[in-house]
Number of protein chains: 2
Amino acid sequence: MDDVFKALADPTRRRILDELVERDGQTLFEICARLVTKHGLGLSRQAVSQHLAVLESAGLVVTRRQGRYKFHDLDTAPLERAMTRWLRPDTPESSP
Amino acid sequence: MDDVFKALADPTRRRILDELVERDGQTLFEICARLVTKHGLGLSRQAVSQHLAVLESAGLVVTRRQGRYKFHDLDTAPLERAMTRWLRPDTPESSP
DNA sequence: TTGATAGGCAAGTCGCGACTTGCCTATTGT
DNA sequence: ACAATAGGCAAGTCGCGACTTGCCTATCAA
């Protein structure tokens, strides 16, 4: 759970999550290309690879190998668990 | 919104939010004392003050001065807005 | 089998963020 | 008025994280 917040701290990693929400099951090179073209970010392949490793060890991204490809899928379950931490039970909108 | 994630990245700041959920409107010295006694954290007053400044500029904490006291209140609104960013609209549980 | 593609490992650079230290301002109580 | 309390400002130290560079492994197509 600590890793979830650390993973979300970096803006590039958040962009990666944005990409995976829009289209699940992308490879490292696909994500690389999208970050460069769509968001104008100039980073190396290694940088993206390391970001994906952080996201995966945080449980936010799940990978499946298939031949020489490694597909990345988003998992939002850790997000929801992390965020309900500070949501008070007595908010007036919670039970209308 | 970028500041929200950066603010949540530090474990000490998350502890401060925990404290404010439990009891709203604490002063700097109160928060300091609680972090030391209840959580065993050994940090200076300045450290906590800087953490509170980060939380405030992120909109997660709202302050009100009263004489020589400065009370700190939690605001969870930025949290909820930040989290809905990656929640897919087509989750099977969202519309049973 | 060879070259191209997809990815991994390891060491190194560098800047930002967390924390400290020292001193200063303002409000309160006696 | 004076001391104590509550907080702020600024410069400095230091470690961790983001990113690069160079090289290595594995799978697929020709």
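The chains referred to below are lettered A, B, ... by the order of the sequence lines, with proteins before strands, and numbering in each begins at 1. All values reported here derive from a predicted model rather than from experimental measurement.
B:Leu60 and A:Met83 end up in the same hydrophobic cluster when Ile, Leu, Val, Met, Phe, Trp and Tyr side chains are linked at under 4.5 Å.
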Contact string for nucleotides 5-11 of chain C, one letter per nucleotide 5' to 3', B = base within protein heavy-atom range under 4.0 Å, S = sugar-phosphate only, - = neither, reads BSBBB--
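Salt bridge B:Glu22/B:Lys38: present, at least one basic N to carboxylate O contact under 4.0 Å.
Per the geometry, CG belonging to A:Leu43 stands 10 Å off C1' belonging to D:dA18, to the nearest Å. The CG-P distance, from A:Leu52 to D:dA18, rounds to 13 Å in whole Å. If you take CG of B:Leu41 and P of C:dT20, they are 11 Å apart, rounded to a whole angstrom.
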Under the side chain to side chain contact (heavy atoms under 4.5 Å, CB included) criterion, do A:Glu80 and B:Leu87 qualify, and how do the steps go? CA-CA 8 Å; A:Glu80 309 173 25; B:Leu87 301 186; 3.8 Å; yes
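Using a 4.0 Å cut-off on heavy atoms, none of the residues of residues 9-18 of chain B approach DNA chain D.
A sub-4.0 Å separation between OP1 or OP2 of C:dT20 and a side-chain N or O of B:Ser44 is present. Here A:His51 reaches the OP1 or OP2 of D:dC19: one of its side-chain N or O atoms lies under 4.0 Å away.
A:Ser49 places no side-chain N or O within donor-acceptor distance of the main-chain N or O of A:Arg45, the cut-off being under 3.5 Å. In this structure, the side chain of A:Asp73 does not engage the main chain of A:Thr63 through any donor-acceptor pair within 3.5 Å.
The only member of A:His72, A:Glu30, A:His39 that meets side chain to side chain contact (heavy atoms under 4.5 Å, CB included) when paired with A:Glu19 is A:His39.
A:Phe71 belongs to a hydrophobic cluster whose remaining members, ordered by chain and number, are A:Tyr69; membership requires side-chain heavy atoms of ILVMFWY residues under 4.5 Å apart, directly or through intermediates.
Taking both residues in full, the closest heavy atoms of B:Ile16 and B:Val48 are given as CD1-CG1, 4.2 Å, listed atom of the first, atom of the second, then distance.
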